[in-house]
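Below is one structure, written out as structure tokens, with a few remarks after it.
In this text, all values refer to a predicted model and were calculated from it rather than measured experimentally. The chains referred to below are lettered A, B, ... by the order of the sequence lines, with proteins before strands, and numbering in each begins at 1.
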Amino acid sequence: MEISSKYNPKEVEKKIYSFWLQLNAFNAEIDYSKKPFAIVIPPPNITGVLHMGHALNNTIQDSFIRFRRLTGYQVLWMPGTDHAGIATQNVVERALLKEGKRKEDIGREEFQKKLWKWHEEYGSTIIHQLKQLGASCDWRRSRFTMDSLYSEAVKEAFIHLFKKGLIYRGRYIINWCPRCKTALSDEEVIRKEVDGWLYYIRYPIDKTTCKALKKDYIVVATTRPETMLGDTAVAINPLDEKNKWIKNCRVILPILNRLLKVIEDQLVDPEFGTGIVKVTPSHDPVDFVLAKKHNLEFINIMKDDASLNENASKFCGMDRFKAREEILKALEEQNLLEKNEPYKINVGHCYRCNTIIEPRLSLQWFVKMKPLAKPAISVVEEGKVNFYPPHYKKIYLNWMENIQDWCISRQLWWGHRIPVYYCKSCGAHQLKSIDNIPNNELLTIDKKGIIVSSAKPNSCPDCGLNDLVEEEDVLDTWFSSWLWPFATFGWPFRKVLKERANIKDEFLLEKEEDIQKAKEELKYFYPTDVLVTASEILFFWVARMIMAGLEFIGEVPFRNVFVHGTVRDAQGLKMSKSLGNIIDPLVIIEKFGADSLRFSLMMLALGGSDVYLSDEKFLVGRNFCNKIWNASRFILMNIQQSQLEISDLKLENLDKIDIWLLKHLNNTIETVTNNFENYRINEAAKTVYEFFWHIFCDWYIEIIKDDFAVKAKVALYTLVTSLKLMHPLAPFITEEIFQNLKTIVKIDLGKALINNSWPEPFALKNLDIFDIEELINIVYQIRNVKFILGLANKNITLILKTSGKNFLFEANSGWIKRLARLDNIIFVDKLKRILYKSDFCEFDFDIDDVDVNNFISNLEKKIIELQKNIDNIKLRLENENFLKKALQETIQEERNKFSALIAEKAKLEELKNAFK
RNA sequence: GGGCGUGUAGCUCAGGGGUAGAGCACUACACUCACAUUGUAGAAGUCAUAGGUUCAAAUCCUAUCACGCCCACCA
């Protein structure tokens, strides 16, 4: 069998992946003889294309999964996709716009059809890409957050919370995206500091209401002058002496000439601006709070696209920013704009389209979070859910303790429809209109005529009539995602028949036994073991899943949360398409192979901290894969060429070199196992890298080259063991080599590597490997001295004097000569000249005219180094306090160190002096 | 404003009370046939700053300075 000197990932990966699929190696079924290990994938958006963040996230998961699969767990990696409300709607809207249509032109139903069609065509792009990465998910189970059965879960959750009084509908100031035309939760708003202006505007005082005037106007400071049209008061701090005089006045709102009263509230900072604030209840969150408290009128001045409405008089129809200019102009004309100064403002942006958010008064659905948060705080405090790295625990708790109610309604056409019906006869549907709210009416909602139900009811329970309309809004995408860890198993286990499914769902519970099986699977695999996620969605998703798990199942959804960092470019900027700084994982896979990508990422996947990437970072993985390939190639070719018949991997008649290697291998197995178990994946990668390359290849294989036939078994054993250790990180190449190996050696190794067994340390008697380490050190010393003397590329003869260890050198002379590039080794009793000296041996070369200057200066440098250390320790040993207070053990250690250093230095000086 | 974290070699980071570590990059040498996607050797750091605890601090504590992330109603 010919083995190419270059690994060809493209061919191999395709072949190996379908081999795994044929084996059903990813499939997870209940097996009570094994312990379960489950991970649910963070479902990527159906609009998603695999980016480096996905690659990192999923490689970590796949490595954990493959590790556990090999260690004998019954493994489930549950895959799926997320319908991603706004994101998907935006994509399809854009496509529609290319045809010159808006979604309103074709209507909700038609638009939804287009969405589903889009999902069918492109929705699984990312799934295919995950397969290219090597993800070993049980693809049969793939779920979509809009599956018919999943809808049942969403409805169940809503109804459950509603009945419990944890869902309410309320008029509230929410974040509104005027482009997406929907409400957003606080988490969906990205705050960015932008340069703006702080405008100082004069509001004249109504002289009929105010007697003792200091001035005939007051000044308010604002960054958003256009909202002044909705002002219904001005406010000062009750303790603000300098503005106290306006307390009982009324002021006149410029342009509209509305009379505003002055209110007093602690929320006002007397130090900011003039200490007087304009209050715009419908367009500012703080003012909203003030207005409720002080019973102010709410005037909405904007339409849903953030252009001004009829309440804005002559500015009606104008865009908000245009209106700002015009209003400033008008104020200036009337000499009411006192000044403006540059000012940095924190402005909210839509996380999907980056449009500036408008605080907007509207009627929305909310979940009361405090009662849900309470148990979710306890489980983390008690350690039932652990974070890696652990400091995320604090961040989580801090957030949870300050949690706000969750706005869950979205004015989108793509998503789970809120399971609510309104009775027209009871007037419930009219509450939807939000413009011109008379004072503060309807801030809480009477439940009359509002029916929460999973299907349209026949009649209104309040009035008995059947004039019902369905709620138009859909639910926040995260309201379905937070159910992911158990909804994917089929919770709430309702029978859903094919006829009722609105798409060709593959996952339906049609028969009673399906339901029973699904329930059993949940019981077996849930709670899942670890959730792997980026820190960005800790609150969006992770925290909410914990709450949902506890509320709906009564048990945490996962025991561990592994948080990895954000993927950034070499400059530290977040990778994003708009910045044009992305490194496409698919390009890396194309160029170097999936394993190179995976291994490189895992070397860098330090828990919690961000991953800085540049193209050359992927060379680590590529080079390592090349090393794995070629080392394996060497071993296999030699077994073939020497026609070795190896029938088993039992190791016997080991010599010291073998034991030296196996000791290192044992340590590696232990460390790698430990690192995987403790989610220290980069440590696992580094450990196996170090062993395979620098112990196994650099030394062992080099040492045994001359008598490979004798050592082949140990080499083969070590190779197989290493393949297992590396498989979670580099699955394709290790499986490929494993399969090649099977055709060459006549050993029953099992059918495949993927579901093979994890290695155990080899049982070694505690044999001393000191001699081998010494010999390796001597080879290193010979090379070193040769370099210093400028003899690196010359073959020379070594003249050696040992302390009774000649036999050792004789027994190992083959490899020592080869690795140190020696013609010969001559043993003598006394050296004329000494180039190296230790307790073990001393040596010289058979070359007379060496350039000693370099050698001497090198010795001097070493002596100076040693002297520094000696001085340090001497100081310590002369310190009475040290002798009095340090542990006896420590003192003895220091003394030993001291004498060792002194001896070492003496040797070097002796060498040096011999040359003078 | 509050919370969390980070500052160690040119870069990316390990480590962690008692002589500073790795990888990459760099320098020199070597195409000795598994691998130049290689090998061998080398140079490189007052462990952010200032105090404190300690016999001993890069390591623990405090403050400061930088940087990063998250949360928050300063218009």
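The aromatic ring centres of A/Y392 and A/Y396 sit 6.0 Å or more apart.
Within the 4.0 Å cut-off from OP1 or OP2 of B/rU40, not a single side-chain nitrogen or oxygen of A/N784 is found. Using a 4.0 Å cut-off, some side-chain N or O of A/K897 falls inside it from OP1 or OP2 of B/rU19. Between A/W693 and the phosphate of B/rG39, there is a side-chain N or O to OP1/OP2 separation shorter than 4.0 Å. Phosphate proximity of B/rA41 to A/R783: present, with a side-chain N or O under 4.0 Å from OP1 or OP2. OP1 or OP2 of B/rG42 lies within a sub-4.0 Å distance of a side-chain N or O belonging to A/Y780. An OP1 or OP2 oxygen of B/rG3 is reached within less than 4.0 angstrom by no side-chain nitrogen or oxygen of A/K393.
Looking at A/Q892 and A/N896, their side chains do bring a donor and an acceptor atom within 3.5 Å of each other. Side-chain contact of A/S596 with A/K591: a donor-acceptor pair under 3.5 Å is absent, judged by distance alone. For the 3.5 Å distance criterion, the side chains of A/D231 and A/Y203 qualify, holding a donor opposite an acceptor. Side-chain contact annotation: A/N674 with A/N678, donor-acceptor N/O pair under 3.5 Å present.
The residue A/R818 sits apart from the nucleic acid: no heavy atom pair falls under 4.0 Å. Using a 4.0 Å heavy-atom cutoff across all strands shown, A/R633 reaches sugar-phosphate atoms only and no base atom. In this structure, A/N638 reaches neither bases nor backbone, as no heavy-atom distance under 4.0 Å exists between it and the strands shown. Within the 4.0 angstrom heavy-atom criterion, base atoms lie near A/K705. Heavy atoms of A/N879 sit under 4.0 angstrom from primed sugar atoms or phosphate atoms, though from no base atom. Residue contacts for A/Y612: at a heavy-atom cut-off of 4.0 Å it reaches the sugar-phosphate backbone alone, with no base atom in range. Across all strands shown, A/C697 has heavy atoms under 4.0 Å from base atoms, whether or not it also approaches the sugar-phosphate. Residue contacts shown for A/R224 are absent, as no nucleic acid heavy atom lies under 4.0 Å away. Looking at heavy-atom distances under 4.0 Å, A/T223 makes contact with sugar-phosphate atoms alone, never a base. Contact annotation for A/Y343: backbone-only contact, meaning every heavy-atom pair under 4.0 Å involves sugar-phosphate atoms and none involves a base. Within 4.0 Å of A/K6, counting heavy atoms only, lies at least one base atom of the nucleic acid.
The C1' atoms of B/rG18 and B/rU54 are separated by 12 Å, rounded to the nearest whole Å. The C1' atoms of B/rG45 and B/rA58 are separated by 11 Å, rounded to the nearest whole Å. For the C1' atoms, the distance from B/rA14 to B/rC70 is 26 Å, rounded to whole Å. To the nearest whole angstrom, the two P atoms, one in B/rC33 and one in B/rA48, are 46 Å apart. For the C1' atom pair drawn from B/rA57 and B/rU46, the interatomic distance equals 13 Å after rounding to whole Å.
Atom NZ in A/K786 sits about 18 Å away from atom P in B/rG39, given to the nearest Å. Between the NE2 atom of A/H391 and the C1' atom of B/rC71 there is a distance of 14 Å, given to the nearest Å. Rounded to whole Å, the distance from NZ on A/K627 to P on B/rC35 is 10 Å.
Each of B/rG39, B/rA75, B/rC55 was ranked by its minimum atom distance to the side chain of A/V268; first place goes to B/rA75. Comparing B/rG39, B/rU40, B/rG18 by their closest approach to the side chain of A/E894 singles out B/rG18.
The pair A/K393-A/E381 does not count as a salt bridge, with every side-chain nitrogen at least 4.0 angstrom from each carboxylate oxygen.
In this structure, CG in A/N853 is found 6.0 Å from CD1 in A/I856, a value given to the nearest 0.5 Å.
Each of A/L901 and A/N858 was assigned the nucleotide of RNA chain B with the nearest heavy atom; the assignment lying further toward the 5' end belongs to A/L901. In terms of position on RNA chain B, the residue among A/D698 and A/N872 whose nearest nucleotide sits closer to the 5' end is A/N872.
A donor-acceptor contact under 3.5 Å links the side chain of A/E702 to the base of B/rA34. For A/K394 and B/rC4, a side-chain-to-base donor-acceptor distance below 3.5 Å is absent, hydrogens and geometry of angles not being considered.
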Pairing string of RNA chain B (Watson-Crick or G-U wobble, both atom distances under 3.5 Å; | = paired to other strand) is (((((((..((((....[..)))).(((((.......))))).....(((((..]....))))))))))))....
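Scanning all heavy atoms of the two residues, the minimum distance from A/I356 to A/H349 falls at CG1-NE2, 3.8 Å.
Under the rule for a salt bridge (Lys or Arg N to Asp or Glu O under 4.0 Å), the partners of A/K897 that lie at least two apart in sequence or sit in another chain are A/E894.
With hydrogens and angles ignored, the 3.5 Å screen pairs no side-chain donor or acceptor of A/K278 with any backbone N or O of A/L253.
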